[in-house]
Amino acid sequence: MGIFDQFMITDQVIVITGAAGLIGRRHTEAVLEGGGIPVLLDLFEEPLAACKKEFSEKYPSAKIETFVADITDRKCLEGIRDKLLATYGHIDGLINNAANNPKVEGGSKNLGAMRFHNLPLDIWEDDMRVGLTGAFLCCQVFGYEMEKQKKGVIINISSDYGVISPNQNIYKKEGVPEEEQTVKPVSYSVVKHGIMGLTKYLATYWAKSGVRVNTLCPASLSNGQNEEFVKKISELIPMGRMSRPDEYPATILYMLSSASSYMTGATVILDGGRTIW
Ligand SMILES: NC(=O)c1ccc[n+]([C@@H]2O[C@H](COP(=O)([O-])OP(=O)(O)OC[C@H]3O[C@@H](n4cnc5c(N)ncnc54)[C@H](O)[C@@H]3O)[C@@H](O)[C@H]2O)c1
């Protein structure tokens, strides 16, 4: 097989959680570019339908599956698994992408002055439920099918905050007293570090079953943040800029395909050098 051919994932069924979000849409693009069949899971019908429309126009002959799904609901995941197996007979990949991702720099509603000491327990528990329990359940339900098939790939999406701690200075608002400043919540750090534990555990557990499990750490995605925030975060990044969403699909396709056949348990960090500075 030629080197470029190794990047093809023709007709492979790849489940993507949180697929209607900012990066989830780019994972979908990666699967479609490789000739695979993306299975988009997200909470609401409307954004999923919009994704399906957008990608069906761009890739007219592609098969695209969408399911309204809460990944913390095992029964719901089992129903999707059964439908996929009935239609295609196999499930080849899983991208555990969904997580609560509070945009402290702006854009998230109702964050209030959320500091470590007053982070509500229900927010902590919900963050764990989506970011860790959801990923765990998806691995149980979809990953186990891959174990039985003796073939499959799982990518867990972490973050630069799975490697380093948030520098809260970049979220500080001018003229706001310290106790009223909102910080990136501890639950985000714990989820993003935790998902790497899931990767390492399963990478060894399934190493001889043909299922590879790796972590991708995206970082600092440019998404219309205000100028002051962009300046502050860019100063922490050796490359001096935030990332673009289109800088992820090629790496995702590499990680999904046989181009990365000897890689398991690895952490791939796309952060412009932030975590080494
Ligand atoms: N945006 C960034 O700068 C950045 C940086 C590093 C890492 N990440 C990671 O990338 C991943 C995606 O981030 P994003 O910025 O695209 O987030 P996003 O908020 O745009 O998308 C997340 C998606 O997950 C869905 N979701 C939430 N709970 C769910 C549930 N229970 N079941 C199914 N779907 C659910 C949401 O509806 C949403 O569409 C996250 O894991 C995040 O931690 C993002």
Side-chain angles (χ1 to χ4, degrees), residues 15-30 39-51 66-77 79-80 94-109 111 123 125-138 141-142 155-164 166 170-171 184-185 187-196 198-199 215-225 229-230 233-234 236-237 241-249 251-252 267-272 274-275:
V15 177
I16 305 167
T17 71
L22 179 65
I23 313 185
R25 291 196 296 272
R26 301 287 71 84
H27 302 329
T28 302
E29 195 174 16
V39 179
L40 282 56
L41 272 48
D42 211 303
L43 288 173
F44 304 108
E45 181 69 54
E46 205 179 303
L48 276 175
C51 284
T66 59
F67 292 95
V68 173
D70 181 344
I71 57 161
T72 67
D73 177 349
R74 196 178 208 282
K75 282 235 156 344
C76 168
L77 298 174
I80 294 166
L94 164 66
I95 305 178
N96 278 315
N97 168 76
N100 293 339
N101 186 14
K103 311 274 194 299
V104 181
E105 66 273 20
S108 288
K109 286 182 195 139
L111 272 180
I123 291 189
E125 286 178 344
D126 190 58
D127 288 352
M128 297 301 140
R129 223 177 354 254
V130 179
L132 290 180
T133 309
F136 157 75
L137 290 174
C138 285
V141 173
F142 302 115
I155 303 175
N156 290 322
I157 303 297
S158 178
S159 164
D160 48 348
Y161 290 165
V163 180
I164 57 171
I170 62 173
Y171 304 110
K184 193 86 173 174
S187 45
Y188 191 72
S189 283
V190 172
V191 165
K192 295 292 130 182
H193 278 76
I195 198 130
M196 289 198 194
L198 182 66
T199 293
T215 299
L216 175 72
C217 296
S220 316
L221 264 104
S222 178
N223 188 28
Q225 291 93 340
F229 176 79
V230 173
I233 197 168
S234 299
L236 299 177
I237 302 169
R241 65 171 178 86
M242 299 182 75
S243 65
R244 300 185 310 268
D246 68 11
E247 292 182 298
Y248 294 93
T251 304
I252 283 286
T267 305
V268 177
I269 306 175
L270 301 187
D271 68 347
R274 181 170 175 188
T275 56

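We count ligands from 1, going down the list as the structure has it; atoms in each ligand are counted the same way.
- Annotation for F142 and V15: closest pair CE1-CG1, 4.0 Å, computed over non-hydrogen atoms.
- Counting only heavy atoms of the protein, atom 7 (C) of ligand 1 lies nearest to S158 O, 3.2 Å.
- Ranking the protein heavy atoms by distance from atom 20 (O) of ligand 1 puts L22 N, 3.0 Å first.
- Residue contact annotation: K192 has a non-hydrogen atom under 4.0 Å from ligand 1.
- A search for side chain to side chain donor-acceptor pair (under 3.5 Å) contacts involving R25 returns nothing, not counting sequence neighbours.
- The N/O atoms of I71, backbone and side chain alike, include one that comes under 3.5 Å of an N/O atom in ligand 1.
- In terms of modelled atom types and a separation under 3.5 Å, the side chain of K192 and the main chain of I157 share a donor-acceptor contact.
- Heavy atoms of R129 found under 4.0 angstrom from ligand 1: none, in either backbone or side chain.
- A heavy-atom separation below 4.0 Å is not found between T17 and ligand 1.
- I71 and L137 get closest at one heavy-atom pair: O-CD1, 3.7 Å.
- Under a 4.0 Å criterion applied to the non-hydrogen atoms of A99, ligand 1 contributes the atoms 40 (C), 41 (O).
- Proximity to D70 (heavy-atom distance under 4.0 Å) selects the following atoms of ligand 1: 30 (C), 31 (N), 32 (N).
- Put simply, the side chain of S243 gets close to the backbone of S220: a donor and an acceptor are under 3.5 Å apart.
- Annotation: atom 6 (C) of ligand 1 to nearest protein heavy atom, P218 O, 3.2 Å.
- Nearest protein heavy-atom neighbour of atom 14 (P) of ligand 1: N101 ND2, 3.9 Å.
- Remark: minimum distance from atom 19 (O) of ligand 1 to any protein heavy atom is reached at K103 NZ, 3.8 Å.
- Taking all atoms of both residues into account, the shortest heavy-atom contact from F67 to L48 is O-CD1, 3.3 Å.
- Put simply, the side chain of T17 gets close to the backbone of N97: a donor and an acceptor are under 3.5 Å apart.
- Near G21, meaning under 4.0 Å from any of its heavy atoms, are these atoms of ligand 1: 16 (O), 20 (O), 21 (O), 39 (O).
- Every residue two or more places apart in sequence or in another chain was checked for a side chain to side chain donor-acceptor pair (under 3.5 Å) with S234, and none qualifies.
- Closest to atom 35 (C) of ligand 1, if we only count protein heavy atoms, is L43 CG, 3.7 Å.
- N156 has its side chain out of reach of M196: every pair of non-hydrogen atoms, C-beta onward, lies at least 4.5 Å apart.
- Closest to atom 16 (O) of ligand 1 among all protein heavy atoms lies I23 N, 2.8 Å.
- In this comparison of Y188, Y161, Y248, the heavy atom closest to atom 8 (N) of ligand 1 sits on Y188.
- In this structure the side chain of V163 reaches within 4.5 angstrom of the side chain of C217, judged on heavy atoms.
- For D42 (side chain) and A20 (main-chain N/O), a donor-acceptor pair under 3.5 Å exists by modelled atom type.
- Annotation: D160 places no N or O atom under 3.5 Å from an N or O atom of ligand 1; distance criterion only.
- Considering only non-hydrogen protein atoms, atom 39 (O) of ligand 1 sits nearest to D42 OD2, 2.7 Å.
- If you check each of S243, G18, A69, S222 against atom 33 (C) of ligand 1, the one with the closest non-hydrogen atom is A69.
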